Amino acid sequence: QVQLVESGGGLVQPGGSLRLSCAASGFTFSNYVMYWYRQAPGKERERVGYITSGGGSTDYADSVKGRFTISRDNAKNTVYLQMNSLKSEDTAVYYCYAPTSGGYWGQGTQVTVSS
């Protein structure tokens with residue numbers, strides 16, 4: 001069955017960096033665009049960005065453009081979210097999403113940006 005497992009979240013000070021990982025299994029990872037989303041307390045889930053199946057193209061929400069980078073390693077069935085220059089408003093649970101068989105979400109990983 002499809003599984004997505006995020007990791008790498010934690011507490012970081014403003015201006016700091018984190019790298020999130022999403023390990024995928026149960027489907028042909030290299031065939032699919034992969035997405036990162038986030039949901040802050042009391043807010044709707046927001047798309048952070050995506051990366052195409054081969055990794056040749058990415059797109060980002062305006063709120064993270066220039067600070068976040070999505071990459072993938074198809075040999076490892078893993079997608080990454082590198083987050084730099086973190087701000088308090090980046091505090092959220094971060095999810096990866098695979099648009100396969102109706103769509104699957106990971107369990108999420110908490111990112112807290114606070115001094």
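The figures here come from the full heavy-atom set of this structure, side chains too, leaving out hydrogens, waters and symmetry mates. Given the structure is predicted, the values throughout are model-derived calculations rather than measurements.
Residues Asp59 and Arg47 are in side-chain contact: their nearest non-hydrogen atoms beyond the backbone lie under 4.5 Å apart. Side-chain contact between Tyr35 and Cys96 is absent, with no heavy-atom pair separated by less than 4.5 Å. No side-chain heavy atom of Phe29 sits under 4.5 Å from any side-chain heavy atom of Thr100. Put simply, the side chain of Ser114 reaches to within 4.5 Å of the side chain of Leu11, judged on heavy atoms. Considering only heavy atoms from C-beta on, Thr112 stays 4.5 Å or farther from Val12 through its side chain. Between Val79 and Trp36 the shortest side-chain heavy-atom distance falls below 4.5 Å.
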Evaluation steps, side-chain contact (heavy atoms from CB on, under 4.5 Å), between Val111 and Thr91:
CA-CA 5 Å; Val111 172; Thr91 294; 5.9 Å; no
Could you go through the ring pair (Phe, Tyr, Trp, His ring centres under 6.0 Å) check for Tyr32 and Phe27 one step at a time?
CA-CA 9 Å; Tyr32 290 89; Phe27 65 104; 5.7 Å; yes
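Note: the hydrophobic cluster containing Val64 also contains Met83 (ILVMFWY, side chain heavy atoms under 4.5 Å, direct or indirect links). Side-chain heavy atoms closer than 4.5 Å link hydrophobic residues (I, L, V, M, F, W, Y) into clusters, and following such links, possibly through other members, connects Met34 to Val2.
Salt bridge absent: Asp90 and Lys87 never bring a charged side-chain N and a carboxylate O closer than 4.0 Å.
Relative ring orientation between Tyr95 and Trp105 is described as perpendicular, the plane-to-plane angle rising above 60° on a 0-90° scale split at 30° and 60°. Ring planes of Phe68 and Tyr94: tilted class, angle from 30 to 60°.
Of the inter-residue distances, the one linking Asn77 atom CG with Ser30 atom OG reads 7.5 Å to the nearest 0.5 angstrom.
With hydrogens and angles ignored, the 3.5 Å screen pairs no side-chain donor or acceptor of Thr78 with any backbone N or O of Asp73. Judged by distance alone, the side chain of Gln82 and the main-chain N or O of Ile70 form no donor-acceptor pair under 3.5 Å. Here the side chain of Gln39 pairs no donor or acceptor atom with the backbone of Val93 at under 3.5 angstrom. Counting only distance, with no hydrogens or angles, the side chain of Gln107 and the backbone of Glu6 share a donor-acceptor pair below 3.5 Å. The backbone N or O of Ser53 lies less than 3.5 Å from a partner atom in the side chain of Asn74, making a donor-acceptor pair.
Residues Ser115 and Pro14 share a closest heavy-atom pair of N-CD, 3.7 Å.
Side-chain N/O atoms of Ser63 and Glu89 include no donor and acceptor closer than 3.5 Å.
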